[in-house]
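Written out below as structure tokens is the structure these notes cover.
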Amino acid sequence: MSNRILIIHGPNLNLLGEREPNVYGNQSYVALNDMITSHVESLGYECEVFQSNHEGAIIDRLHQARLDSVGVVLNAGAYTHYSYAIRDAIATINIPVIEVHISNVHARDEFRKNSVIAPVCKGTIAGFGRDSYILAITGLVRMLEGAKND
């Protein structure tokens, strides 16, 4: 098994820095990924970043993660609120998945307050901007390190 943490960005996240900067900030997608990769590597893990606007591609990558990653940080975007297929993929793999959101989804549109993936994730971080990823990665690593010491 590798020492890889997989970061999955869902739909529209490839447009960070352009898309609704009042909600998601001005930082580019590339800059966010550079920050994420640096943080993961500083904690002694490998980092892979994957982005897709397609539900099936996200599901396929989650399935593969069970074979090549120790954990996943997932920003499923709008799929968070209705994709039972992604929910089932998370439930199927036997590695921890942390749900992450840049914005505070609970302070936005009513439909964003419901997450169908949260019940099968190990934790959820939302509302801290790009630092949501840092918090999620740190929490995942602590979880992984705690499992090693049990």
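All values below were derived from every heavy atom in this structure, side-chain atoms included, with hydrogens, water molecules and symmetry-related copies excluded.
Remark: the backbone N or O of Asp68 is paired with a side-chain donor or acceptor of Arg4 at under 3.5 angstrom. Looking only at distances, a side-chain donor or acceptor of Asn3 sits under 3.5 Å from a matching main-chain atom of Gly44. The backbone N or O of His63 lies less than 3.5 Å from a partner atom in the side chain of Arg66, making a donor-acceptor pair.
Inter-residue side-chain proximity for Arg61 and Ser52 is flagged as unmet; no heavy-atom pair is nearer than 4.5 Å. Counting heavy atoms from C-beta on, the side chains of Ile5 and Leu140 come closer than 4.5 Å. Within the 4.5 Å cutoff, no side-chain heavy atoms of Ile36 are placed close to those of Arg130. Side-chain contact between Ile95 and Val72: present, with at least one pair of heavy atoms (C-beta onward) separated by less than 4.5 Å. Between Ile58 and Ile8, the closest side-chain pair of non-hydrogen atoms falls below 4.5 Å. Side-chain contact check for Ile98 versus Met143: some heavy-atom pair is nearer than 4.5 Å. Residues Leu16 and Ile102 are in side-chain contact: their nearest non-hydrogen atoms beyond the backbone lie under 4.5 Å apart.
With sequence neighbours excluded, no residue satisfies salt bridge (charged side-chain N to carboxylate O under 4.0 Å, His left out) with Glu55. By the side chain to side chain contact (heavy atoms under 4.5 Å, CB included) test, Ser132 is found to be paired with Val100, Ile125, Phe128, residues two or more places apart in sequence or in another chain being considered. With sequence neighbours excluded, the residues forming a side chain to side chain contact (heavy atoms under 4.5 Å, CB included) with Ser28 are Val30, Ala31, listed by chain and number. For Gln51, the side-chain hydrogen bond (donor to acceptor under 3.5 Å, both in side chains) criterion is met by Asn14, Asn53, not counting sequence neighbours. Evaluation of the side chain to side chain contact (heavy atoms under 4.5 Å, CB included) rule for Ala76 yields Leu74, Tyr79, Thr80, Ile117 as partners, not counting sequence neighbours. Residues meeting the salt bridge (charged side-chain N to carboxylate O under 4.0 Å, His left out) test with Arg87, sequence neighbours left out: none. Annotation: side chain to side chain contact (heavy atoms under 4.5 Å, CB included) contacts of Val49 (sequence neighbours excluded): Ile7, His9, Tyr29, Asn33, Thr37, Cys47. For Thr138, the side-chain hydrogen bond (donor to acceptor under 3.5 Å, both in side chains) partners are His39, not counting sequence neighbours.
Of all non-hydrogen atoms in His81 and Val116, the two that sit nearest each other are O-CG1, 3.7 Å. In this structure, Val70 and Ser2 approach most closely via the heavy-atom pair CG1-O, 3.1 Å. Nearest heavy-atom pair, Val120 versus Ile90, reported as atom, atom and distance to 0.1 Å: O-CG2, 3.4 Å.
If you check the side chains of Ser69 and Glu48, you find no donor sitting under 3.5 Å from an acceptor.
How far CZ of Phe50 is from CG of Leu6: 8.0 Å, rounded to the nearest 0.5 Å. Here the NZ-CD distance, from Lys122 to Glu99, works out to 14.5 Å after rounding to the nearest 0.5 Å. Annotation: the span from Ile59 atom CD1 to Ile86 atom CD1 amounts to 5.5 Å, rounded to 0.5 Å.
The environment of His54 atom NE2 is sparse: at most 12 non-hydrogen atoms of other residues, nucleotides or ligands sit within 6.0 angstrom.
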